[in-house]
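Okay, so here's the structure we're looking at.
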Amino acid sequence: SYDAKRLLFAWRKPGKKDQYYNVHEMELATGKTRLIAGGGETYGATYDPAYLADGNIMFNSTRIIQTVDCAGPDVSNFFICDKDGRYPRRVGFDQVQTLGPAVLDDGRVVYLRWDYNDRSQIYTQAIMQMNPDGTGQTEYYGNNTFTPTTFFHPRGIPGTSKVMVALGGHHNPQCGKLAILDNS
């Protein structure tokens with residue numbers, strides 16, 4: 001959290017019947033956790049949580065009931081809820097995955113989008129940006145780039161307009177060489 005008192009994480013409690021990850025929040029001083037988003041077969045997996053500057057929480061969810069065209073896994077898109085997990089609303093309406101939301105200094109959210117629109121099935125994973133309410137979705141970097149194939153885990157570099165990413169291949173583990181993107 002912005003006050004460094006709480007931490008969001010995706011967790012599937014051991015021994016539970018629920019097979020999906022859910023978003024939880026931990027108070028760092030006490031270790032106390034609470035469920036924020038997810039909780040059961042109805043909601044599918046919820047993960048990739050991020051605190052937004054306005055006090056809301058963004059997360060990914062597979063509750064949209066879509067699958068990836070070429071590979072079959074469940075698709076996730078972004079949702080926002082309040083700090084207590086209430087009023088969840090979908091803010092991403094993408095064809096395939098949106099992953100790894102990170103808030104920049106100016107409040108915009110950068111993320112990876114897996115997208116087949118007007119492209120081959122190999123070079124599909126670019127860094128996108130949007131306002132924290134889901135509006136203004138547009139390319140940040142790499143939408144028509146063939147090398148590298150994928151940009152993983154974008155994170156803003158504080159005090160700059162630059163973003164750090166891991167560079168990798170399509171359908172590979174989400175790791176690779178680190179790079180700095182400067183779209184200015």
Side-chain angles (χ1 to χ4, degrees), residues 1-66 68 73-94 96-114 125 127-137 140 151-160 162-166 173-175 178:
S1 60
Y2 289 93
D3 62 5
K5 294 183 179 182
R6 295 172 312 284
L7 173 74
L8 291 171
F9 61 100
W11 183 27
R12 186 176 70 195
K13 291 183 180 181
K16 299 274 289 183
K17 289 182 180 180
D18 186 0
Q19 66 179 348
Y20 296 108
Y21 283 86
N22 300 297
V23 173
H24 290 80
E25 182 179 61
M26 177 189 290
E27 291 179 15
L28 295 175
T30 65
K32 181 181 173 185
T33 63
R34 67 187 183 116
L35 177 68
I36 296 292
E41 303 276 333
T42 305
Y43 296 109
T46 57
Y47 54 95
D48 271 353
Y51 290 107
L52 299 174
D54 65 2
N56 287 321
I57 295 170
M58 179 176 279
F59 61 92
N60 258 328
S61 179
T62 61
R63 68 182 74 187
I64 61 175
I65 316 296
Q66 290 174 222
V68 175
D74 293 341
V75 167
S76 64
N77 270 199
F78 292 132
F79 286 75
I80 294 175
C81 63
D82 77 357
K83 67 181 181 61
D84 295 316
R86 296 177 303 188
Y87 317 115
R89 57 213 176 268
R90 186 175 177 183
V91 296
F93 296 87
D94 292 294
V96 192
Q97 313 286 14
T98 52
L99 300 166
V103 180
L104 300 176
D105 282 356
D106 64 5
R108 288 177 299 146
V109 176
V110 290
Y111 59 97
L112 173 136
R113 182 173 79 185
W114 186 347
Q125 300 174 15
I127 299 298
M128 304 298 284
Q129 63 187 338
M130 68 176 162
N131 297 323
D133 64 359
T135 62
Q137 294 185 19
Y140 181 84
F151 303 86
F152 294 113
H153 310 293
R155 295 293 181 262
I157 299 173
T160 75
K162 299 174 184 176
V163 172
M164 183 179 72
V165 296
Q174 291 192 14
C175 59
L178 291 180

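Predicted model only: the values in this text are computed from it and were never measured.
Between Asn56 and Arg89, the closest side-chain pair of non-hydrogen atoms falls below 4.5 Å. By the 4.5 Å heavy-atom criterion applied to side chains, Thr46 and Ile36 are not counted as neighbours. Looking only at side-chain heavy atoms (C-beta outward), Thr98 and Met128 stay at 4.5 Å or farther from each other. In this structure, Leu52 and Val109 have side chains that are in contact, with non-hydrogen atoms separated by less than 4.5 Å. The shortest side-chain heavy-atom distance between Leu99 and Phe152 does not fall under the 4.5 Å cut-off. Using a 4.5 Å heavy-atom threshold, the side chains of Lys83 and Arg6 count as separate. Residues Pro132 and Val103 are not in side-chain contact: their nearest non-hydrogen atoms beyond the backbone lie 4.5 Å or more apart. Inter-residue side-chain proximity for Tyr140 and Pro154 is flagged as unmet; no heavy-atom pair is nearer than 4.5 Å.
Between the CZ atom of Arg113 and the CG atom of Asn77 there is a distance of 10.0 Å, given to the nearest 0.5 Å. Put simply, CG on Asn131 and CD on Gln137 are 9.0 Å apart, with the number rounded to the nearest 0.5 Å. The distance from the CE atom of Met26 to the OG1 atom of Thr33 is 6.5 Å, given to the nearest 0.5 Å. The distance from atom CD1 of Ile57 to atom CZ of Arg86, rounded to the nearest 0.5 Å, is 11.0 Å.
Across all their heavy atoms, Pro49 and Phe9 have their closest contact at CG-N, 3.8 Å. For the residue pair Tyr51 and Ser1, the shortest heavy atom distance occurs at CE1-N, 3.1 Å. Across all their heavy atoms, Pro101 and Met58 have their closest contact at CB-SD, 3.7 Å. Closest approach of Leu112 and Phe151 over heavy atoms only: CD1-O, 2.5 Å. Residue Pro88 comes nearest to Cys81 through the heavy atom pair CA-CB, 4.1 Å, listed as atom of the first residue, atom of the second, then distance. Looking at every heavy atom in both residues, Thr160 comes nearest to Asp105 through N-OD2, 4.1 Å.
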For this session: Let me see the working for Asp133 and Val91 under side chain to side chain contact (heavy atoms under 4.5 Å, CB included), right down to the final yes or no.
Result: CA-CA 7 Å; Asp133 64 359; Val91 296; 5.8 Å; no
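Here the options are Val23, Asp48, Ile80, the test is side-chain contact (heavy atoms from CB on, under 4.5 Å), and the partner is Phe59; only Val23 passes.
Distance alone, capped at 3.5 Å, is enough to place a donor-acceptor pair between the Gln97 side chain and the Asp74 backbone.
Classified by interplanar angle (parallel below 30°, tilted 30° to 60°, perpendicular above 60°), the ring pair Trp11/His24 is perpendicular. Classification of the Tyr111-Phe78 ring pair by plane angle, with boundaries at 30° and 60°, yields perpendicular.
Side-chain N/O atoms of Tyr20 and Thr62 include no donor and acceptor closer than 3.5 Å.
Other residues, nucleotides and ligands contribute more than 12 heavy atoms inside 6.0 Å of the OH atom of Tyr2.
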